[in-house]
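Some notes on the structure that comes next.
Bear in mind the structure is a predicted one, so any value in this text is a computation, not a measurement. Lettering follows sequence order; numbering is per chain, from 1.
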Amino acid sequence: NAGVMQNPRHLVRRRGQEARLRCSPMKGHSHVYWYRQLPEEGLKFMVYLQKENIIDESGMPKERFSAEFPKEGPSILRIQQVVRGDSAAYFCASSLRGEDTEAFFGQGTRLTVV
Amino acid sequence: GESVGLHLPTLSVQEGDNSIINCAYSNSASDYFIWYKQESGKGPQFIIDIRSNMDKRQGQRVTVLLNKTVKHLSLQIAATQPGDSAVYFCAENFNRDDKIIFGKGTRLHILP
């Protein structure tokens with residue numbers, strides 16, 4: 001059973017470009033979470049999704065950021081018109097619904113905006 | 001804002017000794033707590049969890065203690081090994097179907 005897969009592992013974008021980060025949850029997992037981490041800091045919650053539904057986006061900036069988890073395919077975190085301050089590691093986690101909420105994390109995508 | 005915080009950002013421990021990493025939380029409604037280990041360049045890795053109806057849980061070489069009276073959580077690592085070097089995060093969950101909130105992290109250094 002493959003773990004949470006994130007790609008790309010490293011992404012370089014120029015200011016003003018778009019960044020698309022993909023997350024394939026573990027098989028059978030219907031919950032996906034996105035977190036952002038700056039160097040030497042903790043993980044900041046961004047958004048929590050279930051299939052075709054955004055449950056909680058309270059940690060997501062109101063502008064330029066969006067996330068989706070379609071019925072088929074990976075979850076996508078999209079950052080439009082990137083700025084240098086968007087440079088960070090973005091982690092995705094997935095979990096089962098119900099009693100078992102242990103979240104498994106991917107290896108992250110390191111976004112660098114130049 | 002974040003409701004989970006740690007007392008110390010860095011902890012240095014002699015190899016073979018026991019490590020104790022502490023964490024304070026502020027939301028008395030939190031009912032599920034998790035410890036994660038993050039090695040350099042990797043994603044967080046689940047270590048152990050505990051529900052609010054328990055005060056202690058043991059795993060392999062690790063023990064988590066929960067003191068709800070003072071809203072304090074600790075992770076004890078027995079016989080610390082070089083492979084334990086990492087940043088350790090405590091995290092909380094307000095209900096079983098909600099987001100997980102992370103604290104800032106403690107870096108554990110193992111001294112030879």
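When the side chains of ILVMFWY residues are joined at heavy-atom separations under 4.5 Å, either directly or via intervening members, B:Ile50 and B:Ile77 end up in a single hydrophobic cluster. Linking ILVMFWY residues whenever their side-chain heavy atoms come closer than 4.5 Å, directly or via other members, places A:Leu77 and A:Leu11 in the same cluster. Hydrophobic clustering places B:Trp35 together with B:Leu11 (ILVMFWY residues linked when any side-chain heavy atoms are closer than 4.5 Å, directly or through intermediates). Residues B:Met54 and B:Ile47 fall within the same hydrophobic cluster, defined by Ile, Leu, Val, Met, Phe, Trp and Tyr side chains chained together at heavy-atom separations under 4.5 Å. A:Leu49 and A:Val4 are not part of a single hydrophobic cluster, where members link through side-chain heavy atoms under 4.5 Å apart.
Contacts from residues 105-114 of chain A to chain B, taken as heavy-atom pairs separated by less than 4.5 Å, involve A:Phe105, A:Gly106, A:Gln107, A:Arg110 in sequence order.
With a 4.5 angstrom heavy-atom cutoff, A:Gln6 does not touch chain B via any of its atoms. Only the side chain of B:Gln38 comes within less than 4.5 Å of a heavy atom in chain A; its backbone stays farther off.
Around CD of A:Glu41, the count of heavy atoms belonging to other residues, nucleotides or ligands within 6.0 Å exceeds 12. Annotation for A:Lys51: atom NZ counts as buried by contact number, over 12 foreign heavy atoms lying within 6.0 Å. Heavy-atom contacts from other residues, nucleotides or ligands closer than 6.0 Å to CZ of A:Arg15 number 12 or fewer.
A:Tyr48 does not carry B:Lys99 over the face of its six-membered ring by the limits of under 6.0 Å from the centre and within 45° of the normal.
Between B:Tyr36 and A:Ala103, the closest heavy-atom pair is OH-O, 3.3 Å. Nearest approach of A:Phe45 to B:Ile101, heavy atoms of both residues: CB-CD1, 4.3 Å.
For residues 10-79 of chain A, the set of pairs meeting the disulfide (SG to SG under 2.5 Å) definition, not counting sequence neighbours, comprises A:Cys23-A:Cys92.
Between the CZ atom in B:Phe102 and the NZ atom in A:Lys44 there is a gap of 12.0 Å [rounded to 0.5 Å].
With hydrogens and angles ignored, the 3.5 Å screen pairs a side-chain donor or acceptor of A:Tyr35 with a backbone N or O of B:Ile100.
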